[in-house]
Amino acid sequence: MKTVGVAILGLGVVGSGTYKILRDHREFYKQTQGVDLSVECVLEINKQKALDLGIEESKVSDNIAEIVSNPNVDIVVEVIGGVEPARSFVLAALHSGKSVVTSNKELFCKHWHELERAAKRTNAGLFFEASCVGGVPIIRTLIDGMQANVITNLTGIINGTTNYILTRMAREGSNYADILKDAQALGYAEANPAADVEGYDATYKLSILSSLAFHTKVPLDKIYREGIADLKTCDIAYGNELGYTLKLLAIGKNGKDGIEVRVHPAFIRKDHPLASVNDSFNAVYLKGDSVGDIMLYGRGAGDLPTGSAIVSDVIYAATHNDVKYATFKNTQQAEKGVKFITDFRSRYFIRFTAKDKAGVLAKVAGIFAKYNISIIDLIQKGEDCENIPIILITHETSEFSVRRALEKIGELEDVVSVDSMIRVEG
Ligand code: HSE
């Protein structure tokens, strides 16, 4: 039986999970895959971590050169995270002709073109299933399962931390700051939560997923981004009354006018399949011209779920001789001639506070009419107060028109403040 040597760079949460899966399933893979996957070495400064997992001391190294020159290593698994030193280590492995499996979305979305060029030079494999949506096999679905289709829409809940926070805000009616603190204490959010709550993590993943879905490079700088830190619990409750659930969505659309890619909080109808994706779960909803709608759902993070995605790539690399690279021209920037839409269209949930007097709504409606924005639903809250919140939902309209209209509404004498503008999808 063929033995394939694996090196794991980094024994953090994902590296340890990957090691455990490879260790505990070694016999199973021999039987089911016809290949013996042997962890030959690990790169880890903290030797004790490796010893605790039962890895022999002789297999632990703190020197990448030693690992990439080891003739027994065929596949290098990079689970360090961040751009450097991961980028240099991955390039060193590819230069040595080793196939690379990575879970590193930031590295991959920023340097995919560079890594792929290096891989092509030595005919090495480059696999990244674990970079997006953890254990959910979305990359393989896009690369293989959906290739028959023109994909027009990819909408996902692809960040578990923010989904956990929003689910609890909705369930408990507590505010963002309190839930975040609790999520940090429970290990659902990092001590520095910026990458998740400001939407960066989701934009990294959307860049990779939409590039694959739309067969062209979708660089980070084309993705509109808004996080969840400014969301107010009362808006979740108002949305709920109107039949909506609030999620941080990653949205990619590909139509005749171009591509639009954005990450922001959005209301979706409660009967939309994504509305029931709760807690730290992730899901991706795809629309293909032949298959119609499909949805993949599962754990987007964690040692074993992410390890599952990594090991499936390791198995693929160990059992396939043909190497497959991106089906599109893998460039650093967007390809010339590909149009990205910035003035996208959506429906909008708007909340503003106004003086409770006759004629205010007429003035607001007048401004909406001037910008050709039509209102579907309107609720006015509070009685016998000087200032009252007014909530409305618009028909589909352009982003720029709504922003301009809200600026004008904010200038009205009887409008105290424009408080929220949340897009409504689906
Ligand atoms: N921080 C990420 C999330 C984990 O919350 O989904 C995997 O990218």
Side-chain angles (χ1 to χ4, degrees), residues 10 12-18 21 77-83 86 101-112 127-139 142 154-169 176 179-212 220 223 225-229 231 246-251 263-266 274 277-285 296-313:
V13 173
V14 177
S16 301
T18 301
I21 295 173
V77 172
E78 184 277 307
V79 277
I80 300 167
V83 173
V101 172
T102 179
S103 61
N104 193 331
K105 63 231 153 197
E106 184 179 0
L107 170 68
F108 212 77
C109 86
K110 291 180 179 169
H111 295 278
W112 184 353
F127 301 90
F128 51 100
E129 180 65 70
S131 66
C132 297
V133 205
V136 178
I138 179 67
I139 304 283
L142 288 169
L154 178 158
T155 303
I157 295 170
I158 58 178
N159 181 269
T161 305
T162 48
N163 203 38
Y164 176 82
I165 294 172
L166 292 179
T167 302
R168 283 197 51 194
M169 282 172 78
Y176 167 78
I179 300 284
L180 172 63
K181 227 181 275 164
D182 211 33
Q184 286 169 316
L186 292 167
Y188 283 99
E190 305 272 351
N192 177 356
D196 292 314
V197 301
E198 288 175 16
Y200 292 103
D201 175 83
T203 56
Y204 299 153
K205 294 168 184 166
L206 183 60
S207 163
I208 298 169
L209 295 177
S210 52
S211 296
L212 290 172
L220 270 183
I223 302 179
R225 178 189 55 79
E226 251 177 51
I228 65 162
L231 292 174
L246 189 63
K247 297 289 180 190
L248 182 75
L249 293 187
I251 299 165
V263 167
H264 54 66
L274 286 171
V277 177
N278 286 321
D279 301 304
S280 60
F281 278 91
N282 283 197
V284 181
Y285 190 83
L296 283 86
Y297 168 89
R299 293 229 171 259
D303 57 350
L304 298 181
T306 311
S308 156
I310 289 173
V311 175
S312 71
D313 272 351

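Each residue takes its place number in the sequence, starting with 1. Each ligand, and each atom within it, is numbered from 1 in the order the structure gives.
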Any side-chain to backbone donor/acceptor pair from Asn163 onto Val277? Under 3.5 Å, distance only.
yes
Just by distance, do the side chain of Arg225 and the backbone of Tyr200 share a donor-acceptor pair under 3.5 Å?
no
Any Gly134 heavy atom less than 4.0 Å to ligand 1:
no
Sorted by chain and residue number, the salt bridge (Lys or Arg N to Asp or Glu O under 4.0 Å) partners of Asp201 (sequence neighbours excluded) come out as Lys105, Lys205
Please list the nearest protein heavy atom to atom 6 (O) of ligand 1 with its residue and the distance rounded to 0.1 Å.
Gly160 N, 2.7 Å
Closest protein heavy atom to atom 8 (O) of ligand 1, given as residue, atom name and distance to 0.1 Å:
Lys105 NZ, 2.6 Å
Side chain or backbone of Glu190 under 4.0 Å from ligand 1, or both, or neither, by non-hydrogen atoms?
neither
Atom 4 (C) of ligand 1: nearest protein contact (heavy atom, Å)
Ala301 CB, 3.7 Å
Is the closest N or O pair between Gly300 and ligand 1 shorter than 3.5 Å?
no
Side chain or backbone of Thr161 under 4.0 Å from ligand 1, or both, or neither, by non-hydrogen atoms?
both
Donor-acceptor contact below 3.5 Å, side chain Ser280 vs main chain Gly160
no
Quick check against the 3.5 Å criterion: does Asp313 have a side-chain atom that pairs as donor or acceptor with the backbone of Glu129?
yes
Side chain or backbone of Asp201 under 4.0 Å from ligand 1, or both, or neither, by non-hydrogen atoms?
side chain
Side chain Thr18, main chain Gly307, donor-acceptor under 3.5 Å:
no
Classify the side-chain pair Lys247/Asn159 by whether it contains a donor and acceptor separated by less than 3.5 Å.
no
Looking only at protein heavy atoms, which one is nearest to atom 1 (N) of ligand 1, and what is the separation?
Asp196 OD1, 2.8 Å
For ligand 1, which atoms, with element, lie under 4.0 Å from some heavy atom of Asn159?
2 (C), 3 (C), 5 (O), 6 (O)
